[in-house]
Amino acid sequence: MKTLIKNGCVVFYNKIARLDVAFSENKITQIAEYIAPEGFDNIIDAKGKYIMPGAIDAHTHMAMPFGGTISSDDYEAGSRAALAGGVTCYIDYAIQKHGDTLLEILNRRKNLAKNNSYVDYGFHLAITDFNDDIADEFKRLKDYGVSSIKCFMVYKKEKMNVDDATLAKILALGKQNDILVNVHCEDCDVIDARIEQFLKEGKTSNWYHYLSRDEEVEALGVKKALKIAKDADAPIYIVHNASKDGIKAIMKAKDEGQIVYAETCPQYLYFTNEVYQSERAALYVCSPSIKNKESRTALWEAIWANYIDVIATDHCPFKLSEKAWGDHDFTKTPNGCDGIENLYRFVISAALKNRLSLSKAVELVAHNPAKIFHLKNKGDIEVGKDADIVILNPNGEYVYHNKDTFSNEDNSIWEGVSYRGIIEQVFVHGKLAFKDRKILISKHEGQYLKR
Ligand code: URP
Ligand code: ZN
Ligand code: ZN
């Protein structure tokens, strides 16, 4: 099938230009001011529309065992929601069970995702049980197609955290083997001490989730991780930044020449900690918590000043009934929110409302994640890259309702949020995959990406 999209405005990470785009099979074959229509099976007139690369969600947790349950979107549901939102690739966190080798971590998740994903996927491996064998296996990670691993500084009770000395060792191994280390930064000892105190005092509402992991707690973790990475002379990628002091510390480190990548998420750019005083508080319980207005402003300023590299979702939804487990004890509320369906819609809408440019949106959710995480055929409208393409109508507006979701969720933090811009068509591997709110490909389409 040879497709030609005519008369659209192509959004690159550094410019927008009126160009025709042609693709055949899985690859973009030509981009030019004028491409003659002869020889194409399918010609689309995109006058007044934007042609954009499919987005990459660099941070997801599909079917993740966590908080006493499993996150409610499996690969099938999460990737279907991704596709409907113009996300044509995601990198999921495969989390080590104690005793697993790195290959076992990877293979377990590959088996779950295989033939169950509408769009392409890769994995970051999260190490929770580091030992000499794992250290030795680092040199094989690239052969497995894995170029990034993750460490949690938190979730001590869940036995998911690594201590500072282990983080230092892993960062050093990352540097030696050209593997980027992603870190969830919060100070777990302060969190645990605060939780103990709150529960003793009978302070059990979800507001105390926020107070147990507030601005200070996150900034402490970020500063510590930056120092450990600096001492190891290793690059570091700090996931889901939510706090002003944390992002300021990253900005300073970047200014001083340290190699640091910063990610934030739509929930930290849109909501504030007031959500934890609402009736729906449980839905917003995620870690790090959503911070105050000052932090939200600081994150936007960091985007405008080019200090944020990636916006990703940390997609990790749970059912309403599970969210209610914490009604009388916030520590029992499963941590995580939905996001993948609304990632591209959120940044596109923000761009169309002049919060950032469309090119910047593409840079943050497509170009940069592809570059940082070695997805060499993704992230840009460019000859030779995969034909994962979104056609955006900038004129429509709508209000998101979870009843219309493509995922498995029965709730959404994005319920009632209004968006500008309609993702009208999505191509995956050059095939029309989503149009008129209908999914047109099968769940076998997505492939594991070695990166
Ligand atoms: O609350 C969250 N973010 N849940 C998923 C696990 C993590 O920390 O990324
Ligand atoms: Zn995390
Ligand atoms: Zn996460």
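Counting starts at 1 for both ligands and their atoms, in listed order.
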Would [X] and [Y] count as having a side-chain donor-acceptor pair, cut-off 3.5 Å?
X	Y	result
Gln277	Tyr210	no
Ser72	Asn408	no
Ser148	His124	yes
Asp314	His61	yes
Arg109	Tyr75	yes
Glu322	Thr69	yes
Ser117	Tyr90	yes
Ser287	Glu186	no

For Asp314, the N, O or S atom at the shortest distance from the Zn ion (ligand 3) is OD1
Which atoms from ligand 1 have a heavy atom of [X] less than 4.0 Å away?
X	answer
Gly336	1 (O), 2 (C), 4 (N)
His59	9 (O)
His240	8 (O), 9 (O)
Cys286	1 (O)

Measure the distance from [atom] to every protein heavy atom, then report the residue, atom name and distance (to 0.1 Å) of the closest one.
atom	value
atom 1 (O) of ligand 1	Ser287 N, 2.8 Å
atom 3 (N) of ligand 1	Asp314 OD2, 2.6 Å
atom 4 (N) of ligand 1	Asn335 O, 3.0 Å

Is any side-chain N of the basic residue among Glu76 and Lys443 closer than 4.0 Å to the acidic one's carboxylate O?
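Judged by the 4.0 Å cut-off on N to carboxylate O distance, Glu76 and Lys443 do form a salt bridge.
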Taking the non-hydrogen atoms of Lys150, is any one of them nearer than 4.0 angstrom to ligand 1?
yes
Going by heavy atoms, is Tyr155 under 4.0 Å from ligand 1?
yes
Tell me the contacting part of Tyr93 for ligand 1: side chain, backbone, both, or neither, using a 4.0 Å heavy-atom threshold, strictly below.
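None of Tyr93 does.
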Taking backbone and side chain together, does His59 place any N/O/S atom at a distance below 2.8 Å from the Zn ion (ligand 3)?
yes
Is His61 close enough that one of its N/O/S atoms sits under 2.8 Å from the Zn ion (ligand 3)?
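Looking at His61, which is the residue asked about, there is an N, O or S atom under 2.8 Å from the Zn ion (ligand 3).
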Specify which N/O/S atom of His184 comes nearest to the Zn ion (ligand 2), by atom name.
ND1
